[in-house]
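A short write-up of the structure that comes next.
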There are 2 protein chains.
Amino acid sequence: MDDDKVFKALADPNRRQLLDRLCERNGQTLGQLCEAMDMKRQSVTQHLGLLEQANVISTQRRGREKLHFINPVPLYEVYERWIRKFEEGRLALLHDLKQELERNEK
Amino acid sequence: MDDDKVFKALADPNRRQLLDRLCERNGQTLGQLCEAMDMKRQSVTQHLGLLEQANVISTQRRGREKLHFINPVPLYEVYERWIRKFEEGRLALLHDLKQELERNEK
DNA sequence: AGTATATGCAGGTAATTACCTGCATGTCAA
DNA sequence: TTGACATGCAGGTAATTACCTGCATATACT
């Protein structure tokens with residue numbers, strides 16, 4: 001997996017909105033996704049392309065339609081590799097802070 | 001908090017590397033952080049500025065030095081608001097898959 | 001076949017971004 | 001005060017990005 005592509009894919013609010021839409025209803029067509037977005041179809045295609053390259057969504061053709069599905073795995077992996085680390089740092093900081101406070105109480 | 005700034009701050013590999021360095025040792029100066037980075041000091045300053053605007057790091061002056069501290073709270077909030085949602089979707093998918101497999105076994 | 005629909009592809013422009021160089025300011029220590 | 005060191009600020013360039021318009025292709029329906 002390419003961490004960087006996932007992060008970059010998530011860096012745009014329009015792309016996060018697209019993921020939101022797919023969270024609500026998975027397997028939507030390009031046209032359906034366009035309805036929710038305030039931009040031209042071609043721009044939406046571009047955003048979806050980045051999401052697909054990041055492996056955050058996958059697609060499947062059904063006749064002339066293209067269905068889009070969310071793939072939560074890379075998102076979870078990013079969480080595992082990155083956010084969790086900082087979360088642990090956060091807990092450690094809170095722990096330090098607690099110790100600090102307790103020391104001052106004495 | 002501004003989700004977007006946090007996502008954009010994380011979108012760059014150099015900035016993630018800076019966070020990594022601060023994870024290893026918190027409270028480093030600009031100069032110290034520059035040693036690890038393959039770019040000019042001014043560029044590092046710029047990256048640190050974005051991280052600070054996203055409230056992912058905070059700074060503190062000590063004489064002529066500027067110390068940088070990681071702030072894991074917004075990272076955790078981003079996880080809570082975003083990644084966790086997809087994680088739940090992932091679990092739901094796995095659940096569906098399991099049911100699917102079980103149905104096929106019969 | 002002919003028309004409508006869903007998507008793909010090419011290319012162009014404006015805004016943003018990531019670097020850089022050069023110089024200014026502020027702090028420490030002798 | 002002077003010299004060394006740590007950082008701040010201004011501005012410039014090349015690359016990337018996010019849109020767009022226009023046209024092409026593929027599928028479906030009558």
Side-chain angles (χ1 to χ4, degrees), chain A residues 2-22 25-71 74 78, chain B residues 2-22 25-71 74 78:
Chain A
D2 189 340
D3 280 7
D4 196 48
K5 285 188 180 176
V6 178
F7 277 112
K8 291 215 165 102
L10 290 176
D12 185 275
N14 293 309
R15 289 194 284 272
R16 291 197 299 277
Q17 192 180 343
L18 285 167
L19 290 179
D20 247 349
R21 294 282 168 274
L22 287 178
R25 184 155 50 98
N26 214 6
Q28 293 187 64
T29 68
L30 171 60
Q32 288 173 327
L33 290 169
C34 281
E35 290 171 15
M37 307 300 294
D38 189 25
M39 61 179 67
K40 294 292 172 187
R41 172 181 57 83
Q42 289 85 337
S43 304
V44 176
T45 301
Q46 205 170 341
H47 285 299
L48 288 171
L50 287 181
L51 289 169
E52 189 171 5
Q53 283 201 334
N55 202 30
V56 167
I57 66 174
S58 57
T59 62
Q60 184 182 339
R61 297 213 66 123
R62 185 180 64 191
R64 60 182 165 183
E65 295 177 324
K66 187 174 189 179
L67 306 180
H68 297 78
F69 301 88
I70 221 171
N71 176 19
V78 158
Chain B
D2 189 339
D3 280 7
D4 196 49
K5 285 188 179 175
V6 178
F7 277 111
K8 293 218 165 99
L10 290 176
D12 184 276
N14 293 310
R15 289 194 285 271
R16 291 198 300 277
Q17 192 179 344
L18 284 168
L19 290 180
D20 248 348
R21 293 281 168 276
L22 286 179
R25 185 154 48 100
N26 213 4
Q28 293 187 63
T29 67
L30 171 60
Q32 288 172 326
L33 290 169
C34 281
E35 291 172 15
M37 308 299 293
D38 189 24
M39 61 178 66
K40 293 292 172 187
R41 171 181 58 83
Q42 288 87 336
S43 303
V44 176
T45 300
Q46 205 171 339
H47 285 299
L48 288 170
L50 287 181
L51 289 170
E52 188 170 6
Q53 283 201 333
N55 202 30
V56 168
I57 65 173
S58 58
T59 61
Q60 186 183 337
R61 299 214 61 125
R62 186 180 61 190
R64 61 184 164 178
E65 294 177 326
K66 187 175 190 178
L67 306 181
H68 298 79
F69 301 88
I70 222 172
N71 176 19
V78 158

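The structure presented is a predicted model; accordingly, all values stated were derived computationally and were not measured. Chain A is the first sequence line, chain B the second, and so forth, proteins listed ahead of strands; every chain is numbered from 1.
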Is there any protein nitrogen or oxygen under 3.5 Å from a nitrogen or oxygen in nucleotides 15-19 of chain C, and what are the pairs?
| unit_1 | atom_1 | unit_2 | atom_2 | d |
| --- | --- | --- | --- | --- |
| C/dA18 | OP1 | B/R15 | NH1 | 3.4 |
| C/dA18 | OP1 | B/R15 | NH2 | 3.3 |
| C/dC19 | OP1 | B/N14 | ND2 | 2.9 |
| C/dC19 | OP2 | B/H47 | NE2 | 2.5 |
| C/dC19 | N4 | B/Q46 | OE1 | 3.4 |

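At least one side-chain heavy atom of A/M37 sits less than 4.5 Å from a side-chain heavy atom of A/N14. Annotation: side chain of B/I57 is in contact with side chain of B/L19 (closest heavy-atom distance under 4.5 Å). At least one side-chain heavy atom of A/H47 sits less than 4.5 Å from a side-chain heavy atom of A/R15.
In this structure, B/L30 places its CG atom 16 Å from P of C/dT27, rounding to the nearest Å. C/dC28 atom C1' lies 10 Å from atom CD of B/E65, rounded to whole Å. For the pair A/H68 NE2 and C/dA6 P, the interatomic distance rounds to 14 Å; values are reported in whole Å. To the nearest angstrom, P of D/dT27 lies 14 Å from CG of A/L67. A straight line from CD of B/Q42 to P of D/dT13 spans 17 Å, rounded to a whole angstrom. The interatomic distance linking A/Q32 (CD) with C/dT7 (C1') rounds to 14 Å, in whole Å. Note: CG (B/L48) to C1' (D/dG8) measures 13 Å, nearest angstrom.
Remark on DNA chain D: of its neighbouring residues B/G31 and A/R62, the 5'-side contact belongs to B/G31, judged by nearest-heavy-atom nucleotide.
Using a 4.0 Å cut-off between a side-chain N of Lys or Arg and a carboxylate O of Asp or Glu, B/R16 and A/D4 qualify as a salt bridge.
In this structure, B/F7 and B/V78 approach most closely via the heavy-atom pair CZ-CG1, 3.6 Å.
At a cut-off of 3.5 Å, with distance as the only test, no side-chain donor of B/E52 or B/S58 sits close to an acceptor on the other residue.
Applying the 3.5 Å distance criterion, the base of D/dG8 shares a donor-acceptor pair with the side chain of B/R41. At a cut-off of 3.5 angstrom, the base of C/dT5 holds at least one donor-acceptor pair with the side chain of A/R64.
The shortest distance between the side-chain N/O atoms of A/R61 and the OP1/OP2 oxygens of C/dG8 is below 4.0 Å.
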- Item | Audit row: A/N55, A/V6, side-chain contact (heavy atoms from CB on, under 4.5 Å) steps and yes/no | CA-CA 8 Å; A/N55 202 30; A/V6 178; over 6 Å; no
